Amino acid sequence: MAVAVFEKMLSSCSEMIPNYVTFVCLLTACSRAGNVELGMDIFASMRRRHAIELGPEHYACIVDLLGRAGMLKQAYDFIMKMPFRPTISIWGALLGACRIHRNPELGRIAAENLFQLDPKDSGNFVVLSNSLAAAGRWEEATNVRKEIKDIGLKKGTGCIWIAVKNEVHIFQAKDTFHERNSEIHATLLELKRDMEEAGYIADPTYALYDLEEEEKVSEVWLHSEKIALAFGLISIPPAVPIRITKNLRMCGDCHSAFKFISRITGRELIVRDNARFHQFLAGRCSCKDFW
């Protein structure tokens with residue numbers, strides 16, 4: 001749709017000239033849709049067809065495009081051939097892709113470059129640690145978390161906000177302090193049973209500590225997203241979408257679980273994490289899993 005609107009703009013008015021930001025929008029759209037070929041064609045046409053000088057944001061979009069598609073080596077090679085020093089957003093795009101596709105080796109390279117460019121951002125350490133944990137490299141993950149403490153950085157605590165009747169309710173992982181805690185956890189148990197019957201399998205790689213397999217599943221099941229959603233289901237009328245906000249990025253297992261829950265309950269679920277909006281409806285997400 002973004003490309004169709006762009007072409008319509010070009011054909012409807014000869015004086016309408018696309019600019020630097022126009023192509024950031026187009027390349028971002030291709031990245032979100034996972035359309036690598038179209039994105040690369042647009043990138044190649046910028047200078048040749050539209051006389052737009054390529055900038056760091058465009059290169060970051062291409063790294064994101066390749067990375068989301070799982071083409072991590074191609075993304076890294078693309079970075080190495082850039083005519084300027086890669087920026088924070090460029091290495092950040094590669095690190096995020098390595099987290100999604102579980103490539104801790106390349107992720108460490110991206111992270112080391114980010115540490116040099118932005119040594120005070122604890123988020124980069126956390127993403128690397130989580131990537132190592134997902135790969136079962138627990139000792140390395142622990143060392144990265146220890147490094148965060150050693151250099152005096154503070155890791156942000158994951159929190160969820162959900163508003164019901166003009167009152168904001170805040171949840172964290174394993175939360176048991178809400179006044180409706182017993183109802184929330186009874187709903188979680190019911191959801192878990194229905195989801196497993198529908199084919200859901202919890203992904204223990206999203207447990208961030210070295211535990212027994214059964215404990216990892218329990219850890220993942222008590223993420224703050226799921227707890228807040230259970231509260232929303234018992235507190236918000238069926239015809240009203242459930243809107244949740246998270247200060248960190250939504251984890252992969254919760255993303256999968258929300259798709260199952262939207263299909264089982266018939267509810268519209270909207271999550272705003274620190275990267276984008278996710279609209280879950282009838283078992284699908286608006287981000288098409290390229291989150």
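Computed from a prediction, not measured in an experiment: that's the story for all the values here.
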Least distance between heavy atoms, [X] atom then [Y] atom:
X      : Y      : answer
Asp118 : Asn124 : O-ND2, 4.2 Å
Ala29  : Ala2   : CB-CB, 3.7 Å
Ala69  : Val36  : CB-CG2, 3.5 Å
Ala257 : Lys226 : CB-CE, 3.8 Å
Gly232 : Ile242 : C-CD1, 3.7 Å
Asp273 : Met250 : OD2-N, 3.2 Å

_Cluster overlap Phe125 with Leu106, hydrophobic side-chain contacts below 4.5 Å_ =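 Hydrophobic grouping puts Phe125 apart from Leu106.
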
*Going hydrophobic residue to hydrophobic residue with side-chain gaps under 4.5 angstrom, can you get from Tyr76 over to Leu117?*
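Linked within one cluster.
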
Compile the donor-acceptor pairs under 3.5 Å between side chains in residues 55-65 and protein atoms, sequence neighbours left out, one pair per line.
residue: Glu57; atom: OE1; partner: Tyr20; partner atom: OH; Å: 2.3
residue: His58; atom: ND1; partner: Gly55; partner atom: N; Å: 3.0
residue: His58; atom: NE2; partner: Tyr20; partner atom: O; Å: 3.0
residue: Asp64; atom: OD1; partner: Arg68; partner atom: NE; Å: 3.1
residue: Asp64; atom: OD2; partner: Ser31; partner atom: OG; Å: 2.6
residue: Asp64; atom: OD2; partner: Arg32; partner atom: NH1; Å: 3.2
residue: Asp64; atom: OD2; partner: Arg68; partner atom: NE; Å: 2.7

When you measure from the side chain of [X] to the backbone N and O of [Y], does any donor-acceptor pair fall under 3.5 Å?
X      : Y      : answer
Asn181 : Phe177 : no
Ser286 : His278 : no
Arg263 : Arg284 : no
Asn113 : Ala110 : no
Asn274 : Arg249 : yes

Residues, nucleotides or ligands: over 12 heavy atoms within 6.0 Å of [X] [atom1]:
X      : atom1 : result
Phe84  : CZ    : yes
Arg180 : CZ    : yes
Glu197 : CD    : yes
Met1   : CE    : no
Glu37  : CD    : no

*Strictly under 6.0 Å, is that where the ring centroids of His169 and Phe231 end up?*
yes

_Parallel, tilted or perpendicular: which one describes the rings of Trp221 and Tyr200, with boundaries at 30° and 60°?_
tilted

*Under 30°, 30 to 60°, or over 60°: which ring-plane class applies to Phe280 and His255, parallel, tilted or perpendicular?*
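Phe280 and His255: perpendicular rings.
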
*Distance-only donor-acceptor check, side chains Asp253 and Ser256, under 3.5 Å*: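 Ser256 and Asp253 do not have a side-chain donor-acceptor pair below 3.5 Å.
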
*Take Phe171 and Ile184 through the side chain to side chain contact (heavy atoms under 4.5 Å, CB included) test and state the conclusion after the steps.*
CA-CA 11 Å; Phe171 295 92; Ile184 290 170; 3.9 Å; yes

_Suppose the criterion is salt bridge (Lys or Arg N to Asp or Glu O under 4.0 Å): which pairs have a residue in residues 71-96, not counting sequence neighbours?_
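Residue pairs with at least one partner in residues 71-96: Lys73-Asp77.
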
_In the structure I gave you, are the side-chain heavy atoms of Cys30 and Leu26 within less than 4.5 Å of one another anywhere?_
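No; the side chains remain at least 4.5 Å from each other.
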
